[in-house]
There are 2 protein chains.
Amino acid sequence: MVRVRIEDVAAEAGVSMKTVSRVLNEEPNVSERTRERVREVVERLQYRPHPSARVLAGRKSYLVAMLYDNPSSNYLMEVEQGVLDACQAQHYNLMLAPLVYDAKDIVSKVESLVLQSRLDGVVLTPPITDDAALLARLDELDIPWSSVSPTERNRRIGVIVDEPSAVAEMIGHLASLGHRRIAHIKGHPAHGASHWRLAGYREGMQRAGLALDEALIADGEFSYDSGFAATNGLLDLPDPPTAIFAANDDMAAGAIGAVCERGLSVPRDISICGFDDTPIARHIYPSLTTVRQPTREMGRLAGVELLKAIRDRGQGGMVVVPYTLQLRRSTGPRKA
Amino acid sequence: MVRVRIEDVAAEAGVSMKTVSRVLNEEPNVSERTRERVREVVERLQYRPHPSARVLAGRKSYLVAMLYDNPSSNYLMEVEQGVLDACQAQHYNLMLAPLVYDAKDIVSKVESLVLQSRLDGVVLTPPITDDAALLARLDELDIPWSSVSPTERNRRIGVIVDEPSAVAEMIGHLASLGHRRIAHIKGHPAHGASHWRLAGYREGMQRAGLALDEALIADGEFSYDSGFAATNGLLDLPDPPTAIFAANDDMAAGAIGAVCERGLSVPRDISICGFDDTPIARHIYPSLTTVRQPTREMGRLAGVELLKAIRDRGQGGMVVVPYTLQLRRSTGPRKA
DNA sequence: ATGAAAGCGCTAACAG
DNA sequence: CTGTTAGCGCTTTCAT
């Protein structure tokens, strides 16, 4: 089994190398008949261009990187799979770039990464999506970038879900179960998602006509432990909440842990809900009511939009994907 | 910022391109003085070889693939990170190759992958580790391969933990808590791990001097749902177990769900333990007693051993890494 | 121990 | 619309 080269295809199709190259790269100036013939030969010979030769000769690297901070979160790994889906479909390579989000030298780190590896573009994930200096530098270098769930929603290219509406709807669900004292455990302050989820909480409370008690808004940082601690604080309040909306599933899991630890029961004594629909949501007891974001699909779309922009600056945009409320067993009617 | 090429280094050091190349690739036939001088210039100019040029000109691809079946398991993503650690450290690229494990055409699929992408080697994960036909073909093609937790432990290159001992120790722990009727939920039959964990269960029971009741050995397939179903079966037994060892954490989570569903309590009414120490183990209530495998480290070592073999056939071997018992809250004394 | 020349397989720039 | 020529930056081969 010896490798088929572009020359072989050209000979077989009775055209020049360059014509084959044009067909492969969907460049203009090839007649439809020739195009067809070349495609047929490519298919028959199972020809695949040699990636390194392509990169070396051309000005594109066919390489994009995904920049991320927390390498072991479930969420990120789902996104990664999605980005990978998009890249593989278009024969791009994906480079994983774990970054310690230390604002000090992040710009220069990314800069050398981009230059050294000749990246064609980058996918940004929270909270790196919100580093203004980095975004500015990428623009200067003319490197297309695409963001997953950036805080600034009108930022050119990327994917978002309408988080405030999702949360407001979730609060509405709790209200419809009779809850009036609904608490919120906030996410990590550096993540834009925390901001939008809090906004959705406020809006949901208002829409449901419920009083906003600042004592019911607790600090968290997206981790299990922070959800656990925040819940203990809430339960110690003189007039504790009957429902808690945690800004993500990990914190909701922590909340359930804290409630169970006190010998209370979810949802009988208190309802808990989260956000993300990570695998854990189905695997804890009781199963978690949460907002489902199509995480993998979001990664894929972020990749697709980025590749559009790479092919043609000016293409690619901000895609809004739908969320869904996953009503499971951790929420129920307010205790009589 | 223009790219430094090997020519620039050569000129600066007053030698030929080829000499620089020799130093870079640690080839012989360069005097120590020259070597030093070249290294100094490389450092000063911050020179990095262009990966594509290297691949195109040479016979190595600097590319290894990780073959896997189930793309969304926590376990696999940890392993992947580890393999990535090893690759990045040695400037190799990692290609992710999700494969539908359908024994029929897996050999030819892998074959074309290896040939088309010119892989220098592959990392295999369960259950692909155990496909004899595939292993034979890789050997024929002279492609080095490294396995993570293969069933056959004397298979040349890879990483394992001593699973039978780990499980036997866990059973010993349960026995020391007074449990005598200890059940086991088996893993997926196609995975070698299932075999070893069952063996460890039998051995542990024997060592503890406990009777082996085949009715207490239930089928599972590593999923939450299969653990849930198996547990329901066990609890319906005329003389149900007081402790359950599930072959992985997901099934243990399912077991806890099934127990809670019946209004029973873990560990008061029944003890549950798992295997793997995935993130879920700390995030469910009660937190899960389990066997910790250093998953990411295992991926890294599989990568390291593979790269040794790539550099020099005959190098690389089977590494045994230590396990640890993570005693948490899901196991306790047998109910009086 | 070192170097010169000839590609690797493709695309860019320029001709027709 | 199509083809020719000259590299991309490195490693290989073969001299010296």
Side-chain angles (χ1 to χ4, degrees), chain A residues 1-39 41-42 45-63 91-93 115-118 120 310-311, chain B residues 1-39 41-42 45-63 91-93 115-118 120 310-311:
Chain A
M1 180 150 173
V2 69
R3 226 191 138 79
V4 181
R5 290 154 313 159
I6 198 170
E7 274 185 56
D8 306 323
V9 176
E12 185 79 9
V15 296
S16 74
M17 263 166 60
K18 182 61 210 175
T19 300
V20 178
S21 172
R22 287 198 176 94
V23 174
L24 258 29
N25 297 297
E26 308 194 23
E27 285 167 25
N29 297 333
V30 182
S31 74
E32 201 45 52
R33 282 192 55 247
T34 316
R35 219 175 266 276
E36 266 318 311
R37 188 150 34 91
V38 170
R39 286 214 182 94
V41 175
V42 164
L45 265 43
Q46 289 269 33
Y47 169 71
R48 299 281 174 277
H50 186 130
S52 297
R54 226 179 185 193
V55 169
L56 187 57
R59 23 159 110 32
K60 287 172 277 184
S61 70
Y62 297 94
L63 213 210
H91 301 288
Y92 264 71
N93 285 102
L115 266 16
Q116 281 296 346
S117 304
R118 307 203 155 172
D120 284 345
I310 288 173
R311 291 234 157 68
Chain B
M1 181 148 172
V2 70
R3 226 191 139 80
V4 181
R5 290 155 311 157
I6 197 171
E7 273 185 55
D8 305 323
V9 176
E12 185 78 9
V15 296
S16 74
M17 264 167 62
K18 182 59 212 178
T19 299
V20 177
S21 172
R22 284 197 178 94
V23 174
L24 257 29
N25 297 298
E26 307 194 21
E27 286 168 25
N29 295 332
V30 182
S31 73
E32 202 46 51
R33 281 193 56 244
T34 316
R35 220 176 266 277
E36 267 318 312
R37 188 151 35 92
V38 170
R39 286 214 183 95
V41 174
V42 164
L45 266 44
Q46 288 269 33
Y47 168 71
R48 297 282 174 278
H50 189 293
S52 296
R54 229 179 182 191
V55 169
L56 186 57
R59 21 158 126 9
K60 287 172 278 183
S61 70
Y62 297 94
L63 213 210
H91 300 288
Y92 264 70
N93 285 102
L115 266 16
Q116 282 296 345
S117 305
R118 308 204 156 171
D120 284 345
I310 288 173
R311 291 236 157 67

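Atom set for the values below is all heavy atoms of this structure, side chains included, hydrogens, waters and symmetry mates excluded.
Heavy-atom distances to DNA chain C give each of B:K18 and B:A53 a nearest nucleotide, and the one nearer the 5′ end belongs to B:K18. Along DNA chain D, the nucleotide nearest to B:E27 and the one nearest to B:L56 differ in position, and the one closer to the 5' end is contacted by B:L56. Between A:H50 and B:N29, the residue anchored nearer the 5' end of DNA chain C, judged by the nucleotide with its closest heavy atom, is B:N29.
Here the side chains of A:R35 and A:T19 are not in contact, with every heavy-atom distance at 4.5 Å or above. Residues A:D120 and A:Y92 are in side-chain contact: their nearest non-hydrogen atoms beyond the backbone lie under 4.5 Å apart.
Among the atoms of the strands shown, none is found under 4.0 Å from any heavy atom of A:S52. Among the heavy atoms of the strands, none lies under 4.0 Å from B:V55. In this structure, A:R59 reaches the sugar-phosphate backbone alone: every heavy-atom distance under 4.0 Å involves primed, P, OP1 or OP2 atoms, never a base.
For residues 9-25 of chain B, the salt bridge (Lys or Arg N to Asp or Glu O under 4.0 Å) pairs, not counting sequence neighbours, are B:E12-B:R44, B:K18-B:E27.
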Working for side-chain contact (heavy atoms from CB on, under 4.5 Å), residues A:D8 and A:Y47: CA-CA 9 Å; A:D8 306 323; A:Y47 169 71; over 6 Å; no
Show your working on side-chain contact (heavy atoms from CB on, under 4.5 Å) between B:V23 and B:R39 and close with a plain yes or no. CA-CA 8 Å; B:V23 174; B:R39 286 214 183 95; 3.9 Å; yes
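Ion pair A:R33/A:E36 not flagged as a salt bridge, since none of the NZ, NE, NH1 or NH2 atoms sits closer than 4.0 Å to an Asp/Glu carboxylate oxygen.
If you take CD1 on A:I6 and CG on A:L45, they are separated by 12.5 Å, rounding to the nearest 0.5 Å. Remark: B:N29 CG to B:T34 OG1 distance equals 11.5 Å, nearest 0.5 Å.
Chain B approaches DNA chain C over the interval C:dA1 to C:dG9, counting the first and last nucleotide 5' to 3' with an atom under 4.0 Å from its heavy atoms. Along DNA chain D, read 5' to 3', the first and last nucleotides having any atom under 4.0 Å from a heavy atom of chain A are D:dC1 to D:dG9.
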